[in-house]
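Computed from heavy atoms alone, side chains included, the values below leave out hydrogens, waters and symmetry copies.
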Amino acid sequence: FQTFVSSDVLYWIALTMFQTGLPFYITELMGLDDGMTFPLFALMTIVSFAFYLPVNIVSKRVGKKKLIVFAFFFFTSAFAITSCVGWFGLPGEIWGVIVAILAAIPMAILGILPQAVVADIAEADAIESGERREGMFYAARTFAFKLGQSVAMLLFTSIALVGAEGAGYRLTAIVAAAFCLLGALVFLRYHESKVIDVIKAGEASYATEMPVAETSAE
């Protein structure tokens with residue numbers, strides 16, 4: 001759980017920096033009007049929701065850890081690409097669509113699976129300790145969320161002022177990519193197989209005890 005929370009803090013720092021900077025990326029770097037902020041946010045949200053079902057299906061086949069690590073690396077690439085918006089002669093509208101779609105895919109994965117990972121950890125802990133402590137785990141994740149947001153806001157407001165002609169905003173996207181990459185490397189240390197093995201062992205033990213309990217009652 002400590003590994004998960006550590007990666008989660010890094011994720012929230014990266015995501016909050018990106019979401020905070022997106023209006024500035026759109027207006028200052030892409031050269032678009034303020035009015036384009038809502039349509040691009042809406043596009044990102046719609047595409048993200050469209051991936052929810054595929055994410056659930058794929059996670060059952062390949063496991064949550066692999067998909068979350070993939071999302072971290074995908075987000076890292078999306079943030080890195082965001083630092084280049086407005087270059088290479090592409091219109092701002094094209095850049096906006098590219099960034100919105102690229103960010104939507106990992107956002108769908110990381111919007112679903114981390115909660116499921118916390119549930120797995122809480123279930124495994126309950127089997128090993130004999131105590132139900134889900135509230136503690138979810139409270140810790142909420143703290144990670146708040147901590148990540150607070151750090152991100154401090155970093156963004158400081159970094160955005162660096163340089164001129166949007167250099168600070170580009171740098172915020174690069175820093176967000178670095179935090180996301182670090183989050184992926186930390187999450188690689190999460191032992192999903194051990195957690196799942198504990199859950200399966202607990203389920204097997206419960207299944208073998210049930211007939212005995214029923215016979216005793218009779």
Do [X] and [Y] have side chains that get closer than 4.5 Å, going by heavy atoms?
X	Y	value
Met44	Phe41	yes
Leu181	Phe73	yes
Val47	Leu43	yes

For residues 99-125, which side-chain donor-acceptor pairs fall under 3.5 Å, sequence neighbours excluded?
from   : atom 1 : to     : atom 2 : distance (Å)
Gln115 : OE1    : Arg141 : NH1    : 2.8
Asp120 : OD2    : Lys64  : NZ     : 2.8
Glu123 : OE1    : Arg132 : NH2    : 3.2
Asp125 : OD1    : Arg133 : NH2    : 2.7
Asp125 : OD2    : Arg133 : NE     : 3.0
Asp125 : OD2    : Arg133 : NH2    : 3.0

TODO: For Tyr25, check side-chain hydrogen bond (donor to acceptor under 3.5 Å, both in side chains) against everything at least two apart and list the hits.
DONE: Thr172
Not counting sequence neighbours, list each pair that qualifies as a ring-ring contact (aromatic ring centres under 6.0 Å, His included) and has a residue in [range].
range	answer
residues 106-130	none
residues 80-107	none
residues 119-145	Phe1-Phe137, Trp12-Phe145

Could you list the donor-acceptor pairs under 3.5 angstrom formed by side chains in residues 51-62, with sequence neighbours left out?
from  : atom 1 : to    : atom 2 : distance (Å)
Asn56 : ND2    : Tyr52 : O      : 3.2
Ser59 : OG     : Val55 : O      : 3.2
Ser59 : OG     : Asn56 : O      : 2.9

TODO: Please check if the distance between the ring centroids of Phe4 and Tyr190 is under 6.0 Å.
DONE: no
Open item on the list: I'd like to know whether Ile26 forms a side chain to side chain contact (heavy atoms under 4.5 Å, CB included) with Leu22, so could you lay out the CA-CA distance, the side-chain angles of the two residues, the decisive distance to 0.1 Å, and finally the verdict.
Closed with: CA-CA 6 Å; Ile26 292 170; Leu22 193 54; 4.1 Å; yes
TODO: Quick one: sort the Phe75 and Phe79 rings into parallel, tilted or perpendicular, breaks at 30° and 60°.
DONE: parallel
Task: Atom of Lys65, atom of Leu188 and distance for their closest heavy-atom approach - done: NZ-O, 2.8 Å
